[in-house]
Every structure is written in structure tokens, then in C-alpha cells.
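All of these numbers come straight from a predicted model, not from anything done at the bench.
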Protein chains: 2
Amino acid sequence: MATTKRAVTIIDVAKAAGVSVSTVSRVLNNKDDVAEATFEHVRDVIDELGYSSSLAAKGMRSRSTNVVGLIVPDVSDPFANKVMRGVNQAIVEHHYDLLIYTNGNILDDISAAREQQYVSLLNNGLTDGVIIVTPSIGSFSSVGPVVAIDPHIHHPEAPAVISTNFKGAVAATQHLIDLGHRRIGFIRGRADLQSAIRRQQGYESALQKAGIPLDPALMVNGDFTRESGVPAAHQLFSLDPRPTAIFAANDQTAFGVLDVCETLGIRVPEELSLVGFDNIAEAAYCNLTTVDQFMDKMGYIGTKMLFDMIDGIPRQEYIYKIETSLVVRGTCSAIS
Amino acid sequence: MATTKRAVTIIDVAKAAGVSVSTVSRVLNNKDDVAEATFEHVRDVIDELGYSSSLAAKGMRSRSTNVVGLIVPDVSDPFANKVMRGVNQAIVEHHYDLLIYTNGNILDDISAAREQQYVSLLNNGLTDGVIIVTPSIGSFSSVGPVVAIDPHIHHPEAPAVISTNFKGAVAATQHLIDLGHRRIGFIRGRADLQSAIRRQQGYESALQKAGIPLDPALMVNGDFTRESGVPAAHQLFSLDPRPTAIFAANDQTAFGVLDVCETLGIRVPEELSLVGFDNIAEAAYCNLTTVDQFMDKMGYIGTKMLFDMIDGIPRQEYIYKIETSLVVRGTCSAIS
DNA sequence: CTGTTAGCGCCTTCAC
DNA sequence: GTGAAGGCGCTAACAG
């Protein structure tokens, strides 16, 4: 790798080509008011010098960069990962490039100020618009458009894609109730996320509608990570009588429960029925019954919305709601 | 979302705080030559206005941004995805941020010029260094350091992380031979990638060492995608006699083979033994015997190397080789 | 068709 | 300790 001290700039190209800087700029941006010969010549020089314009400088001056930004808390997180795939697909279709920004740590509790900062960072010249995954604030001040995926707070005028967490949780719980379960444990998600709260409400609602009294002992804390599912499961299993079913606020937490079942020798679904939420890729392989909230689609739709906003196409609706859907697989059985 | 027309700039902050732009800049960069009171005051104003400095402008002027760049062909690609995780982990440990750039299409055959362009794009002010996944060229001209993960060409002086593709392929093929297989099919990877070529060489070498003659009919084309595994498998299965085993150049291709087995009713491993390469997440769930090349570790190590280079720490070795390792699972059986 | 000029927002000397 | 001026690489008017 030749770590050249200085990058070759538009000025270098202009000099080498014997034209002015603006001509080079015109060639760069495919303006059609350049003589054929000049155009070709400049192109050649650009290739020869291996020149590439700096996104930084370019974005600072002009308004359009043809790239969209995506802010995720953590690239490894399955939720964020699926959203990324959806976004990826959308940008390919629109011939945009994608810039993903992350500080890498989903538990690093990004403050609202920090989120706002990231949005500004990208939308201040680098990108034409940004998508932010699970932001804690619903509204951003930004030069370019912003679409939130599963935001904590729903601001009526803030474009967002959300899923029907409540309905999904009701469906999951109802499924367990239909199978005859009465003692159904619930492992919470991150308390600061709207989606987690709605899932708990769905759980409670389904129980109450079925006339099953709420038992606080059956509701334990978790934080959406696999690790948090472990102590939660232990806590639930130490109850007497043990719950016959568990609804975990997301798939990863459910996997934590599965880990505990393995070590404790509890058979699923014979001795314990289990439902997750999200339908991440691993869920299919592990045959986990769960609720699909189509995260990839959320990313895809969100990006489409963003493109409309970038193009100045007005939308009638700024909140796009995606219907969740129960995916019945092998981790639940009827009570004997 | 308040799509403010204009972003709040350092000038706005300066005015609001009643100080000069340079003072604000000093506060922003935590310089210690600012009076305590002024510092606090400016900080407050910054928070109040929700100001955040533009990465674009900042990077253009100063040399350090505290973010590393990662260039991947496609965010959805399992290989790239695993590398991303490794990089993600490394940047968390070093308190850096991460900027991932992608054009989203792995098959869009990125030209060398394009790769060089992406590298410049990021290293021209936005990032302190970049990691590029499976580049077709081995050497880049760039302001900042560049580390390649699994590059097509190994340039002796270009920092790169590679895995022992040849040895891994030998191990995989040998495993099949040890189980008694003689007619072993091979599905190639993308012909333009060094790793694919090395895997084929490993396959051929193992066969020859075992005294098994090479049969061109047993070697068919693929391109590392699951889709490409389908016609390849059909082609192999149409042979008479049919191969008793297949070594696919990567896991995704192997999944394509599995898809065909399902439709054709060919039982694995009873009627066909199958080995993949990469050990992507799905491989574990599908019980696929494969070769682990520790892609996450490649990303992690590569990022570590990059940090050393950013910090100006000299390395004795610029090519880091990661040993592959055969993972025996359930898709192979001894020939009866 | 092409060159000249004026900033975009920020950081870095250099004065005070 | 703080402010003023210059310039990073680029594009967008405006002239010619």
C-alpha cells in the first residue's frame, strides 16, 4: 500500500490536464456542457492519477451526495442486521450508496444528544438523508430527511416505520393460552424502548382478556440480550409451581432461556413452551415459535420513504405500520 | 422531524455564546487553554442549540477523526457480515466509531478503480484508516493506512489478513477421502478471487496425493452464491456414476446443493457427503461439515493492525495468516 | 464551451 | 486566554 502523504486533489488533475478546476468538476459531475475531447482527456488524467473526489469536500459544497446514511447502535445486533439488509436492498434498487455509522455498542446507552449528533454528522454534507434504528427520541433537527425505524417515541410528524408490537404480543400470548397454558412467564425487554413496553402490554392484555390474573412473580426483567435471558429463566424456573410457558420479549432472550433449559435438562416443548419475538435468522434454525415483525421489510420501507422525501414527493402518511405475524414452529405444545 | 433548512454551524454557536469561532473550536476539541467559565458556557450553548460539528468540514481540515472505515461489497453477504462483527468488536475496544461504506451489490463487479475510489473517499478526511473486504487489487494509494481482508492479490507490502485457503481445502478433501470417497465433486468459487483459486488447488492437491486422478467433469462452476450452487449440483448429479461426495467452495454454495438434494430426494449424508467452506452462522444450524476460516477474527485482527498503523506502531509482519480449521458435523458419512 | 471568483464549515497558525 | 485571517477540496454562479 502506498501511503502517499497527500491525496491527489482536483487541482492536481486540473494542472495535469491543463484545464481549470471547474472543468474538472464538470467532468466529475457529468455535466454535458463540456467538449467531447476535453471530457475524454480529463477522464484519462483522472484515471491515470487515480483521483477520486473527497466526499467531505463535495458534500460540504453541494447538496446531493447520492448516499444515504444508516445509524445503528451495533452492527452485530440481529435486529439491526436485518434492518441493514432491507436498507441494502433498497439502495441497490435506487442506485444509491450506503454509509452506515455505528459506535458499535448497543448497550452503550446512546443519549438523545448523541443520536442527534450522529444524525447531524451524516446529514451535514455526507448523506442525502438518514435512517436511524431504534432511536430514543422521535424527532430530529436535521438538514436532510430522517426516518426512524422502531423509535422509542412516536412523534406524529416524524417519519417512522413501526410494527404492531402490541398485537404481536397478544397473538403470541393468545397462542400459549389456546394451548391450555395458564402460568405463562414473561421476560421483559429494555425498559427504555417503546417496543418492549408494548410487548409487555400485549402480554398483560391477552392474559386479562382470558381471565387469567396477572402475577408479578411471572414477569421478570431482561434487556433483549441472550445473556439477560439466562438469569431471567433461572428466576422463572425457581418458582413453585414452575410456569409451563414463557413468552420472551425477543428471540435472543428466548435463546438464553433455551440455554438454561439445556443445562437444566428441561425439555422443550414437552416441559416448557416458549415463544420469542422478531423472527431473527437463527429462530428458523432452532425451530423457535416467534412473532415475525419483518425487520428487513422495515428497513426496506423506511428507505423507500426516505427516497420519497429526498425527491420531495409528499406522503400522506408519515408513520408506516407493519403488521406482525405469528410464526408457529416447534417450541410450543398443548398442556397435557 | 424538524427539517430545518440550515444546520446550526460553529458560527451560530459563537454568536450565541458571544465568543469567537476559534474559541468554540477549542472547546469542541477539548483544548486546555480555555478559561473554565468560557468553556462551560460554550458547552451549554452547544447543547442548547443541539450543535454538532460536521464530520465533512472537520475531516477536511484536521487529520484525525477517530473513526475507521470499512468497505464491503454487500452488507447482506454472510462473509462480509461476519467480518463486520469482528471489526465492530475491535472499534468498541478502541473507542473508535465505525463508518461502513457499501454500494450494496456484491455481484456488481466492483472494478479496481472503483475500489481505489472508495478507499480515497473514506480516507480523504472522513476516516483515519480503512479496512477493505475482498478487494480485487492488493495495493492502494491512500492518505491513511489500508488493511485488506482476504484480498485477491497478495502484495507483499500491502497489509492484509488472509486465511490458509489451500490448507483448509486440503483438509476438507482429505476428510472426504478418509471416509472412503473417490468420486468427489468440486464446485468452484468466483474465478476472480484468490481464495477461490486456492481452494480449488487444495482440492486438486489432496486428490493427487491420494492417487485419485483428476476428473474435469467433477469440477463445475459456481460463484460463491447459494443460487449458483443449484445448477452446479444438478450438473454434478447428472453424471454417471454420480459423485458420492461434494466439496463446495463455500457454505452458501453448499446450501444450494442442499436445496437440490431436498427437491431431488437425495439424502445427506447417506447418499451424498457434503463439505462447505467458511463456517457461516447458518452452517452450525444446518449441521454442515465445513472449514472455519474465522472471518470475524479476520476482521478483528485486521482492525487491530489498522490501529497500530494509525498510531504509527511498526509491524514486523504485514500479512497476517489465520489458520483454517475443519469443523466436522453431520453432512458426511463413510462410504459403505 | 471554459475560466474566475466566492464561499461551504471548520481548524490552525499567528497576533494581541 | 482569546480573536482574526487563511486555507482544506470542492461546486456554483458568473463572466467571457
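Between the side chains of A:Thr134 and A:Asp150, no donor-acceptor pair is found at a separation under 3.5 Å. Judged purely by distance below 3.5 Å, without hydrogens or angles, the side chains of A:Thr23 and A:Ser20 pair a donor atom with an acceptor atom.
Computed from coordinates, the A:Arg26 CZ to D:dA13 P distance equals 12 Å when rounded to whole Å. Regarding B:Lys31, its NZ atom lies at a distance of 11 Å from the C1' atom of C:dT13, rounded to whole Å. Atom pair B:Leu55:CG and C:dC11:C1' shows a separation of 14 Å (rounding to whole Å applied). Rounded to whole Å, atom P of D:dG7 lies 19 Å from atom CD1 of A:Ile10. One atom, CG of B:Asn30, and another, C1' of C:dC10, lie 16 Å apart when rounded to the nearest Å. Spacing between atom NZ of B:Lys58 and atom C1' of D:dC10 amounts to 21 Å, rounded to whole angstrom units. Taking atom CD on A:Glu36 and atom C1' on C:dC1, their separation rounds to 13 Å, with Å as the unit.
No engagement by A:Phe39 is indicated, since no non-hydrogen atom pair under 4.0 Å with the nucleic acid exists. In this structure, A:Ser54 reaches the sugar-phosphate backbone alone: every heavy-atom distance under 4.0 Å involves primed, P, OP1 or OP2 atoms, never a base. If you check every strand for non-hydrogen atoms under 4.0 Å, B:Val21 touches nothing. Heavy atoms of B:Asn29 sit under 4.0 angstrom from primed sugar atoms or phosphate atoms, though from no base atom. Among the heavy atoms of the strands lying under 4.0 Å from B:Ser22 is at least one base atom, whether or not backbone atoms are also near.
For B:Val34, whose side chain is taken as the heavy atoms from C-beta onward, the closest listed nucleotide among D:dT11, C:dC11, D:dT2 is D:dT2. The nucleotide whose nearest atom lies closest to any side-chain atom of A:Met60 is, among C:dG3, D:dT2, D:dG9, D:dG9. Considering only side-chain atoms of B:Thr38, the nucleotide from C:dC10, C:dC1, D:dG1 that sits closest is D:dG1. Nearest nucleotide to the B:Ser25 side chain, out of C:dC10, D:dT2, C:dC11: C:dC11.
Applying the 4.0 Å criterion to OP1 and OP2 of D:dT2, one finds that B:Thr23 has every side-chain N and O outside that range. Taking side-chain N and O atoms only, B:Thr9 has no distance below 4.0 Å to OP1 or OP2 of C:dG9.
With a 4.5 Å cut-off on side-chain heavy atoms, A:Arg85 and A:Gln89 do not count as touching.
Taking the six-membered ring for Trp and the full ring otherwise, A:Tyr96 and A:Phe307 have centroids separated by under 6.0 Å.
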